[in-house]
Amino acid sequence: MGTVVTVTPRPRRAVCPGSYDPVTSGHLDVIERAAALHDELVVVVLHNPGKAGTFTVEERIGFVERALAGRGVANVRVEAFAQRLLVDVCRELGADVVVKGVRGTTDVAYEWPMALMNRGLSGIETLFLPGDPAFEHVSSSLVKEVARWGGDVTGLVPDEVRDALVARLDADG
Ligand code: PNS
């Protein structure tokens with residue numbers, strides 16, 4: 001009689017890394033689609049404690065968490081790491097895959113060597129998801145610049161982020 005071996009498959013865990021200062025609607029679209037393709041997704045907020053961002057790490061995490069809760073996305077958690085290689089973060093989290101949203105060939109050209117480097121360092125693969133064309137022009141830095149000079153960024157970021165940007169920029173003068 002043969003031996004029956006039951007193998008419980010390991011959950012497929014992916015990471016979506018970035019600065020998320022702040023999260024945009026383009027990020028959220030990619031996060032939601034990446035979550036649908038994996039058992040678990042970790043949004044990894046990578047930051048440099050020596051460099052002041054527009055928002056604190058805690059604020060960035062809160063923006064992502066509340067936006068995802070509002071969209072009913074359940075298999076995602078958000079974690080922050082500082083001054084670490086992405087591949088070491090992936091190893092610590094037990095993640096197999098990095099998912100990056102790309103808004104076009106410029107993003108691909110920028111991301112390509114990082115994907116190869118990360119695979120060379122660790123074997124971890126990077127999947128590129130084409131961003132929704134509706135957000136092709138949207139980046140955290142551009143949204144901040146538009147908001148700084150009084151432009152309306154409604155729809156480009158969650159409403160909470162828009163309001164926080166306006167309040168932050170008012171406070172900064
Ligand atoms: O939102 P961003 O700023 O485009 O995110 C870039 C980020 C943080 C994902 C990238 O700079 C990164 O992976 N940094 C971690 C350090 C690292 O592993 N560097 C080597 C990449 S080959």
Side-chain angles (χ1 to χ4, degrees), residues 13-38 40-84 86 89-90 93 95 97-108 110-111 114-115 126-173:
R13 187 175 296 145
V15 306
C16 267
S19 310
Y20 299 106
D21 188 29
V23 70
T24 68
S25 301
H27 289 135
L28 291 166
D29 166 63
V30 169
I31 291 167
E32 195 169 352
R33 288 160 56 208
L37 294 171
H38 296 89
E40 299 171 12
L41 183 75
V42 186
V43 174
V44 168
V45 179
L46 283 161
H47 65 106
N48 179 353
K51 203 176 127 198
T54 303
F55 293 105
T56 66
V57 175
E58 292 72 26
E59 287 172 317
R60 297 182 211 179
I61 292 172
F63 292 146
V64 178
E65 286 179 340
R66 287 186 291 278
L68 292 173
R71 290 168 172 238
V73 182
N75 61 332
V76 182
R77 67 177 201 273
V78 188
E79 295 204 20
F81 294 87
Q83 291 168 312
R84 298 275 301 278
L86 178 60
V89 171
C90 290
L93 293 171
V97 172
V98 172
V99 180
K100 292 275 186 94
V102 286
R103 288 163 296 189
T105 52
T106 308
D107 276 356
V108 173
Y110 175 73
E111 295 289 346
M114 289 200 279
T126 299
L127 298 183
F128 293 141
L129 275 188
D132 185 327
F135 304 120
E136 200 171 330
H137 57 302
V138 177
S139 65
S140 301
S141 52
L142 207 48
V143 161
K144 285 189 277 195
E145 185 174 332
V146 170
R148 173 176 297 278
W149 302 114
D152 183 8
V153 295
T154 301
L156 308 184
V157 291
D159 288 352
E160 182 191 6
V161 172
R162 175 202 58 202
D163 296 345
L165 274 170
V166 171
R168 180 70 37 102
L169 300 171
D170 277 354
D172 290 350

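Model, not experiment: these values are computed from the prediction. Note: hydrogens, waters and symmetry copies are ignored here, and every other heavy atom, side chains too, is used.
Classification of Arg77 and Glu79 as a salt-bridged pair holds, one side-chain N sitting under 4.0 Å from a carboxylate O. A salt bridge does not link Glu111 to Arg103: none of the charged side-chain nitrogens sits closer than 4.0 Å to a carboxylate oxygen. In summary, Lys144 and Asp21 engage in a salt bridge, as defined by a charged side-chain N under 4.0 Å from a carboxylate O.
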Is there a side chain to side chain contact (heavy atoms under 4.5 Å, CB included) between Val98 and Leu127 once you walk through the steps?
-> CA-CA 6 Å; Val98 172; Leu127 298 183; over 6 Å; no

Test side chain to side chain contact (heavy atoms under 4.5 Å, CB included) applied to Val138 and Val143, step by step | CA-CA 7 Å; Val138 177; Val143 161; 3.9 Å; yes

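Atom CG of Leu93 is separated from atom CZ of Phe81 by 4.0 Å, given to the nearest 0.5 angstrom. Rounded to the nearest 0.5 angstrom, Arg60 CZ and Tyr20 OH are separated by 11.5 Å. With values rounded to the nearest 0.5 angstrom, Glu65 atom CD is found 6.5 Å from Ile61 atom CD1. Between atom OG1 of residue Thr24 and atom CZ of residue Phe63 there is a gap of 13.0 Å, rounded to the nearest 0.5 Å. Rounded to the nearest 0.5 angstrom, Cys16 SG and Glu32 CD are separated by 11.5 Å.
Proximity of His27 to Ser140: side-chain heavy atoms (C-beta onward) are separated by under 4.5 Å at one or more points. Here the side chains of Leu68 and Ile31 are in contact, with some heavy-atom distance below 4.5 Å. In this structure the side chain of Pro130 reaches within 4.5 angstrom of the side chain of Arg33, judged on heavy atoms.
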Just list the side-chain donor-acceptor pairs under 3.5 Å for residues 40-52, sequence neighbours left out, or say none.
unit_1	atom_1	unit_2	atom_2	d
Glu40	OE1	Arg13	NE	2.5
Glu40	OE1	Arg13	NH2	2.9
Asn48	OD1	Gly50	N	2.9

Check residues 155-165 and write down every donor-acceptor pair under 3.5 Å in which the side-chain atom is one partner and the other belongs to a residue at least two apart or another chain.
unit_1	atom_1	unit_2	atom_2	d
Glu160	OE1	Arg66	NE	3.0
Glu160	OE2	Arg66	NE	3.0
Glu160	OE2	Arg66	NH2	2.7
Arg162	NH1	Thr154	OG1	3.0

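Without hydrogens or angle criteria, Asn75 side chain to His38 main chain gives a donor-acceptor distance under 3.5 Å.
Nearest heavy atom pair, residue Val15 against residue Pro17, reads O-CD, 3.6 Å.
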